[in-house]
Amino acid sequence: MKYDTEVCRILERRQLTPDTFRLRVSAPKLAPMAKPGQFAQVLVPGMALRRPISICKIEPEALCFVVQVRGEGTRRLSLLQPQDQVDLLAPLGNGFPLAGDSGRHAVFVGGGIGVPPLLGAAAAFSGRCSAVLGFRSASAVILTDEFAHAGCQVQVATDDGSFGVHGLVTDILKTISFDVCYACGPLPMLRAVAALCRERKTPCWISMEQRMACGIGACLGCAVELCRADGSHYYGHVCKDGPVFSADQVVL
Amino acid sequence: MADMQVKIAGVPFANPLIGASGTVGFGREYAEFYPLSRLGGISCKGITLQERPGNPPPRIAETPAGMLNSVGLQNPGVEHFVAEDLPWLKQQGTVVIANIAGSTPEDYCAMAERLNSTAVDMVELNISCPNVKQGGVQFGVTCQGVESITAKVRKHCTKPLMVKLSPNVADIAENAAAAEAAGADAVSLINTLTGMRIDIHTRRPILKNNTGGLSGPAVFPVAVRMVWQAAQRVKIPVVGLGGISSWQDAVEMMLAGASAFQVGTAFFTDPYAPVKILKGLEKYLNTNHIKSAAKLTGGVRPW
Ligand SMILES: Cc1cc2nc3c(=O)[nH]c(=O)nc-3n(C[C@H](O)[C@H](O)[C@H](O)COP(=O)(O)OP(=O)(O)OC[C@H]3O[C@@H](n4cnc5c(N)ncnc54)[C@H](O)[C@@H]3O)c2cc1C
Ligand SMILES: Cc1cc2nc3c(=O)[nH]c(=O)nc-3n(C[C@H](O)[C@H](O)[C@H](O)COP(=O)(O)O)c2cc1C
Ligand code: FES
């Protein structure tokens, strides 16, 4: 079995910023199946569609998620308390391709709520990694200690300069050298990161978002425009072919 | 123990639950959860003569108790289906229904011809996809359209033929009657209702296609009403679908006149929904000493 559902108990809930929460859930069945970069479809009681949320950290019998309140679904998830239950469908998607890269110097580039899915991959690089994380302002900064703990050199950029470097993640990225890049965040950021990696001829993996229904490849709802080797375009699917794609494979 | 078997257009189904087209793909993703033999049948993703890329994203929007989709019949084409998907599906021990769509009557006829010599158990004529300009919906909205396309395909189709009706019409019973008159062996209803959502901040429709098809619990009462109206009008079996998410919904749909029912959007909320629906249905039959699922069909007692 590649994925399954499990009714998970909330073990811990921590508020990270005014609108962001970290949930640690007991998932003895799903956690052993999970890889960094995969996601879960989280059931919000009373709503027809589940919400895709990345797996931020994998423990032997538990999973961690970081959820930002964007609308009604994530608002309801943010209200979950320890001992409450939540129905997960996981682990979904391909995850980050880490094999073969672990001896090299990796950089993790995250923007906002794009930061959490990168954390799980950082552990695979045992100290040979950097994290360049971008946020709107100091009040939105999350997970910097966790990336440092995973062995990354951490640098932060904020839009308003209230924390770290005043500017964009790509301003920092330009100043460092790396062998492979993993990125997740808003589209303009992914475009800029992909362009920089292309210039340097460095492999770049990006994690994409799309609205989803099934989460497993059956409904064809989560289309993303991809390029074939011959340059022609077609629609692939974020839930099954992704969420992680090689930057040259996606039409950004 | 109640007998769960039903027969539609001469085809025996182990139970009356069919996975609805476009929601179960070609079965592979849900076979991860349980053997597909648990389902009475599967109606495959709508297929066309040639491969179709589908519509640009976003293709999904949520709505109160439902969803909109504008997938636009993305599919690998009939040859790929016959070569790659059908052989695998036929080994899963469930009834395989090919849902076919086209832009012209000739497309539909060619599809039916192509499937005659395959192991497909049944053909479902999709003349009701609201998401492509030429997805056959122009044949599905008028009685004349339904009658003429059904009659044409009937001439070319040696498989049991089920016509899937659009709810975006004035009188669905008339359309069901038109399909019957033209030689359909069964009708299925409803396909999605055309809907729209707008992001109030960007003032853009959420779907790139602007409009999409509404499905899920929100459409259930509409579907029950339409199945009830159609079932009173025709003698051929009516397969009911639209918003079924619990065993209670399934019982209600059969009481309204359905000989079998399809489950769609409920797969997304809970991949195990079909298994739960069947368990609940069987328990209901046993508790109420109803000998077979088929005995529920049309059992409503209208005022
Ligand atoms: C693979 C993947 C991983 C993600 N990981 C995380 C994560 O770790 N933490 C986090 O906070 N968010 C994550 N998101 C985004 C998150 O899924 C959306 O913010 C959330 O679905 C919004 O739901 P809502 O009900 O609060 O908002 P609403 O806007 O009310 O949602 C309405 C509908 O739109 C869909 N939707 C809206 N925005 C998005 C979006 N950006 N992506 C996908 N679907 C959307 C919802 O799922 C829902 O079906 C991820 C998205 C994807 C695709
Ligand atoms: C994502 C999606 C794709 C669909 N694709 C098809 C299709 O290819 N052919 C078809 O006849 N109906 C298609 N439908 C319609 C369903 O088969 C069904 O008629 C409709 O969703 C109502 O049932 P439900 O509320 O149980 O989902 C699709 C529905 C959804 C949600
Ligand atoms: S969400 Fe259904 S195919 Fe990706």
Side-chain angles (χ1 to χ4, degrees), chain A residues 1-7 29 33 40-52 70-74 76 87-93 187 208-228 232-242 250-251, chain B residues 19-34 42 44-46 51-76 131 199 206-208 212 214-219 243 245 264-273:
Chain A
M1 199 164 223
K2 285 188 282 197
Y3 43 72
D4 203 355
T5 60
E6 183 171 12
V7 178
K29 184 162 80 178
M33 298 155 74
Q41 278 277 67
V42 185
L43 185 74
V44 185
M47 301 192 115
L49 298 181
R50 289 171 182 253
R51 298 304 190 260
R70 289 277 186 81
E72 186 52 23
T74 45
R76 291 193 204 176
D87 181 319
L88 303 183
L89 164 58
L92 305 176
L187 213 52
M208 303 286 292
E209 279 192 9
Q210 192 49 267
R211 287 167 177 260
M212 294 186 178
C214 70
I216 56 178
C219 75
L220 311 185
C222 61
V224 54
E225 198 171 3
L226 303 178
C227 336
R228 294 193 184 88
S232 62
H233 292 181
Y234 69 104
Y235 290 121
H237 297 93
V238 170
C239 72
K240 196 170 186 172
D241 309 319
V250 195
V251 182
Chain B
S21 177
T23 62
V24 290
F26 299 107
R28 291 182 205 269
E29 292 78 18
Y30 289 98
E32 287 285 326
F33 298 103
Y34 35 78
I42 282 192
C44 299
K45 174 64 194 166
E51 177 184 0
R52 282 187 63 98
N55 289 331
R59 295 177 174 181
I60 302 275
E62 201 181 46
T63 69
M67 63 178 280
L68 294 174
N69 88 83
S70 61
V71 169
L73 288 177
Q74 174 170 14
N75 81 94
N131 291 325
D199 181 325
I206 291 174
L207 300 174
K208 192 68 173 270
L214 178 65
S215 64
V219 311
S245 64
T265 301
F267 273 92
F268 307 154
T269 319
D270 180 4
Y272 287 98

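Everything numeric here is computed off the predicted structure, so don't read it as measured data. Here is how names work: the chains are called A, B, and so on, in the same order as the sequence lines, proteins then strands, and each is numbered from 1.
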Worksheet item: Under a 4.5 Å cut-off applied to non-hydrogen side-chain atoms, are I206(B) and R211(A) in contact?
Response: yes

Worksheet item: For L220(A), is it the side chain, the backbone, both, or neither that has a heavy atom closer than 4.5 Å to a heavy atom of chain B?
Response: both

Practice prompt. Counting only heavy atoms closer than 4.5 Å, note whether F267(B) contacts chain A via side chain, backbone, both or neither.
Written response: neither

Discussion item. Does K29(A), at its NZ atom, have more than 12 non-hydrogen atoms belonging to other residues, nucleotides or ligands within less than 6.0 Å?
Written reply: yes

Worksheet item: What is the distance from atom OH of Y272(B) to atom CG of L89(A), rounded to the nearest 0.5 Å?
Response: 9.0 Å

Worksheet item: chain A: which of E29(B), K45(B), Q74(B) shares the most heavy-atom pairs with it under 4.5 Å?
Response: E29(B)

Worksheet item: Got a donor-acceptor contact below 3.5 angstrom from the E62(B) side chain to the L49(A) backbone?
Response: yes

Item to complete: Measure across A48(A) and A65(B) and return the closest heavy-atom pair with its distance rounded to 0.1 Å.
Response: CB-C, 4.3 Å

Worksheet item: In terms of heavy-atom pairs under 4.5 Å, which option from R50(A), Q210(A), Q41(A) contacts chain B the most?
Response: R50(A)

Practice prompt. Below 4.5 Å from any heavy atom of chain B, which atoms of L43(A) appear? Answer side chain, backbone, both or neither.
Written response: side chain

Discussion item. I'd like to know which of T269(B), T23(B), T265(B) tops the heavy-atom pair count under 4.5 Å against chain A.
Written reply: T269(B)

Worksheet item: At what distance, to the nearest 0.5 angstrom, does CE of M67(B) lie from CE of M212(A)?
Response: 12.5 Å

Worksheet, complete the sentence: Tightest non-hydrogen contact, residues G221(A) and R59(B), listed as O-CB, 3.3 Å

Discussion item. At a 4.5 Å cut-off on heavy atoms, which part of Y234(A) comes close to chain B: side chain, backbone, both, or neither?
Written reply: neither

Worksheet entry | Top of S245(B), G216(B), P271(B) for chain A proximity - count of heavy-atom pairs under 4.5 angstrom | P271(B)

Worksheet item: Using non-hydrogen atoms only, which part of P56(B) is less than 4.5 Å away from chain A: side chain, backbone, both, or neither?
Response: both

Worksheet item: Would you call V71(B) and Y235(A) a side-chain contact if the rule is heavy atoms closer than 4.5 Å?
Response: no

